[in-house]
Every structure is written in C-alpha cells, then in structure tokens.
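Reminder, nothing fancy here: chain letters follow the sequence lines and each chain counts from 1. Since this is a predicted model, take the numbers as computed values, not measurements. Values below: all heavy atoms of this structure, side chains included; hydrogens, waters and symmetry mates excluded.
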Number of protein chains: 2
Amino acid sequence: MLEPKKTPPISIGDIDLDVLEDTLSFYIRTVNLAVSRDLDERLEGLDVARGTGKITTLLMVDSHPGIRPSVIAQLILKDRSAMGRLVDQMENHGLLTRETSVDDNRAQELYITEKGAQLAVQVRALVTQQSKDFFAFIPEDEQRLLMDILRRAYRRIAGLP
Amino acid sequence: MLEPKKTPPISIGDIDLDVLEDTLSFYIRTVNLAVSRDLDERLEGLDVARGTGKITTLLMVDSHPGIRPSVIAQLILKDRSAMGRLVDQMENHGLLTRETSVDDNRAQELYITEKGAQLAVQVRALVTQQSKDFFAFIPEDEQRLLMDILRRAYRRIAGLP
DNA sequence: TATTGTTATACTCTATAACTATA
DNA sequence: TATAGTTATAGAGTATAACAATA
C-alpha cells in the first residue's frame, strides 16, 4: 500500500450488479418501489394512499356502477379476503356503498358516493400527472413502447381479453 | 328488460380501466405485484424470500467483499434503518458477518459466510430463471427493450453513473 | 456540524385458513 | 358441490423519529 485508504472499500461507482444487471424482475421491483413511494407522497392524506388496489377500486366503482368486489379483485390481483378489507375500509371512509345483488343474493354491487365521486375526480388527475412526471426523463416514444409491453403483460396476468 | 339478468352487472370483459389504461405507473405496480409473488413462491423457505433487498444484499456482499451497508442501501433504495434490520436478519441467519472498518470507525464492512456463499450460488440461478420464465411470453426483442429502458430508469433513480 | 449505524414504535400490508350463506 | 363474501390471525415490511458514536 503506497497510499492510505481514504475511501470505502467499494464505492457506488465500482458496483457491478452481478446477475441482477440482466434480470428484468429486479428492475421491475426496484422501479416499482420508487414509483410507489413517489405516488404515496402525492396521495398523502387522501384515503387512497398506500398499498395497491385502492385507486383502482375507487375508479372502477365510479365508472362502473354496480361492479362486484370479485371483479375488482381480479383486476387488482388480490383475493376475496383482501378485497373485502379494502371495501370495508372505503365504505368506512364514506367513499362507496354496497348493496346485495337482487340477481344473486351471495353477490354485492358497489356504488360510489358523492364523496367518492369527488375523490375520483381528484385522483384521476393526480395519478395521471404523477406517472407523467415520474417517467418524464424517459423519451415519449420509449414510454409508449414500455406501456404497450407492460399493458399486454398486465392483461395476460389479470386474465383480461 | 326482455330477458332476465343472468350475468353480473359488469363482467370482466366489459371493463374499461379508465385513466389507468394509459398510466405507466399502474402497469409497473400491478406487474410488480405478480412478479414479486411468483418470485416469493420460488424462494419459499430460502432466507431471502419476501420484501425487496435481501437478494441484492446477499449478492452484493458475496461479489463485493467488505461492501458497506450504506452502499447497499442506496442500491436497494432503502434508508439506513431498514438496511440495518436487513443486515441484522441476515447476520442472524448466518449469511454474513459485519466488521467495523479500520478506516472509519463509524462504518461497517460486510463479508459473506460459507453458508451465505452457497445460498448466493443457488439464488443467482433461481432469480435468473424466475425472471426468464415469468416474462417468457414477451418476445425476446421486446424484453431487451424493456430491460434497457428500465435499467436506465433504475440507475437514474439509484444515482448510479 | 454531518455522517454511519441503532433502536423503538406505530402502521399497514400479506397470506392463510376456517367460516357463513347462497346457488 | 361450487361460489361470494367474511372473519381471525400470525408474520413481515414500511416509515418515522430520536439516539449514540465518530469524523
């Protein structure tokens, strides 16, 4: 050693990500972490912050009156138990109401409240802007590409036509 | 109504995703949910299952002996507090050891154990295969495209050169 | 005064299984 | 017997703030 060590043994510039460098799921997971955090910041205080599914549930109930919990569950990739707790929570917050279906007494139909409808308007704008801002550093054409691929992936995973 | 209603008010085929249809962050978040769940299944029982950061920590400590917690924290987008608990956990599982740096007594250096090194070999193979399998339905050229874009996004978010 | 790491806490999500009611 | 939804619970991750030691 001719010189005293002044820097950490490994600095951030020297890092090689090992196999993760070429692992798509690694990038999906880390980018998700960052974009979800950013989204939560923007939604702070708004009843739909945190976790996945609240936003989708709100918008789906707003734009598809009478939609069933099990249908939303499929869209947000959750089971009925998780969906139930989500609906409880949103009902408690006065965002939606549930009614038993007259066609099938096992099933429920969800309807938006006035408060929920107002929040939906707000959330629609917020969510759109957040995604736009967060990914602004990616050129538009690449964003479109990314979205096209991920949309197909999502639809396949969720079992949509 | 000429016919009795036999189907739910809104069935999955009739769903329109509202603004989420064109929201990149929505797709990142949902695809993340699915890919993370699938990964957890494959890692079941393995000390690195659940949450983000364990896999990266294991591989980084294995391939960069003496790496510091704060450097890994930056890579996995966590704060020092979360990182500390991660290192505690992995130390308790006998996967790595920590030593105080001789250069800076505030800092630590992490080293892999034999058990950790063996797990790293296993995890490298598993993680690579999982990502490959999960995204197999996306054509290779699109996968490459996707990865190139997300890699740049990640490096920018993590502050890598 | 800034940095590295620790501790404590409160909150939330996650997964699972067992349950009721209806079809 | 299968389906829609409920309930209970154990385990884990997340975010925050306050803290000690060192540079």
Practice task
Could you check whether S81(B) gets within reach of a base, just the sugar-phosphate, or nothing at all, counting any heavy atom under 4.0 Å?
Solution key: base

Handout entry: Interface residues of residues 32-52 of chain A with DNA chain D (non-hydrogen, below 4.0 angstrom)
Key = R37(A), R50(A)

Problem - D47(B)/K54(B) salt bridge by N-O under 4.0 Å criterion - result: no

Exercise for the section: For the pair L95(A) and I112(A), evaluate side chain to side chain contact (heavy atoms under 4.5 Å, CB included) and give the outcome as yes or no after the intermediate values. Expected result: CA-CA 6 Å; L95(A) 302 173; I112(A) 203 79; 5.5 Å; no

Problem - Salt-bridge contact E91(A)-R98(A) (side-chain N to carboxylate O under 4.0 Å) - result: yes

Problem - Verdict with reasoning, I67(B) to I15(A), per side chain to side chain contact (heavy atoms under 4.5 Å, CB included) - result: CA-CA 9 Å; I67(B) 193 171; I15(A) 291 290; 3.6 Å; yes

Practice task
Could you list by number each residue of residues 82-96 of chain A showing a heavy-atom separation from DNA chain C of less than 4.0 Å, or answer none if no residue does?
Solution key: R85(A)

Sequence neighbours excluded and cut-off under 3.5 Å, please list the side-chain donor-acceptor pairs for residues 153-161 of chain A, or say none.
{"unit_1": "Y154(A)", "atom_1": "OH", "unit_2": "L75(A)", "atom_2": "O", "d": "2.7"}
{"unit_1": "R155(A)", "atom_1": "NE", "unit_2": "P161(A)", "atom_2": "O", "d": "3.2"}
{"unit_1": "R155(A)", "atom_1": "NH2", "unit_2": "P161(A)", "atom_2": "O", "d": "3.3"}

Fill in the blank from the handout: Ranking R80(A) and D79(B) by the position along DNA chain D of their nearest nucleotide, the one closer to 5' is R80(A)

Handout entry: F137(B) with Y27(B), same ILVMFWY side-chain cluster at under 4.5 Å
Key = yes

Problem - Side-chain N or O of R98(A) closer than 4.0 Å to phosphate OP1/OP2 of dT6(D) - result: yes

Using a cutoff of under 3.5 Å, can you pull out all pairs of nitrogen or oxygen atoms linking the protein to nucleotides 20-23 of chain D, with atom names and distances?
{"unit_1": "dA23(D)", "atom_1": "OP1", "unit_2": "N105(B)", "atom_2": "N", "d": "3.0"}

Handout entry: Worked verdict on D62(A) versus L119(A) for side chain to side chain contact (heavy atoms under 4.5 Å, CB included)
Key = CA-CA 10 Å; D62(A) 187 53; L119(A) 183 58; over 6 Å; no

Exercise for the section: Figure out the CG/P separation between L77(B) and dG13(D), and round it to whole Å. Expected result: 17 Å

Exercise for the section: Would you kindly say whether Q122(B) and Q118(B) are connected by a side-chain donor-acceptor distance under 3.5 Å? Expected result: no

Practice task
Give me the first and last nucleotide of DNA chain C, going 5' to 3', that has any atom under 4.0 Å from a heavy atom of chain A.
Solution key: dC13(C) to dA23(C)

Exercise for the section: Please step through side chain to side chain contact (heavy atoms under 4.5 Å, CB included) for the pair F134(B) and K132(B), ending with a clear verdict. Expected result: CA-CA 6 Å; F134(B) 186 89; K132(B) 204 177 152 220; over 6 Å; no

Going by atom type alone, with no hydrogens or angles, which donor-acceptor pairs under 3.5 Å involve a side-chain atom of residues 143-150 of chain A and a protein atom two or more places apart or on another chain?
{"unit_1": "Q143(A)", "atom_1": "NE2", "unit_2": "F135(A)", "atom_2": "O", "d": "3.0"}
{"unit_1": "Q143(A)", "atom_1": "NE2", "unit_2": "I138(A)", "atom_2": "O", "d": "3.0"}
{"unit_1": "D148(A)", "atom_1": "OD1", "unit_2": "R151(A)", "atom_2": "NH1", "d": "3.2"}

Handout entry: Pair S101(B), R106(B): side-chain N/O donor-acceptor within cut-off below 3.5 Å
Key = no

Problem - Flag for R29(A)-S36(B): side-chain donor and acceptor within less than 3.5 Å - result: yes

Problem - Beyond-backbone contact of L86(A) with I76(A), side-chain heavy atoms, under 4.5 angstrom - result: yes

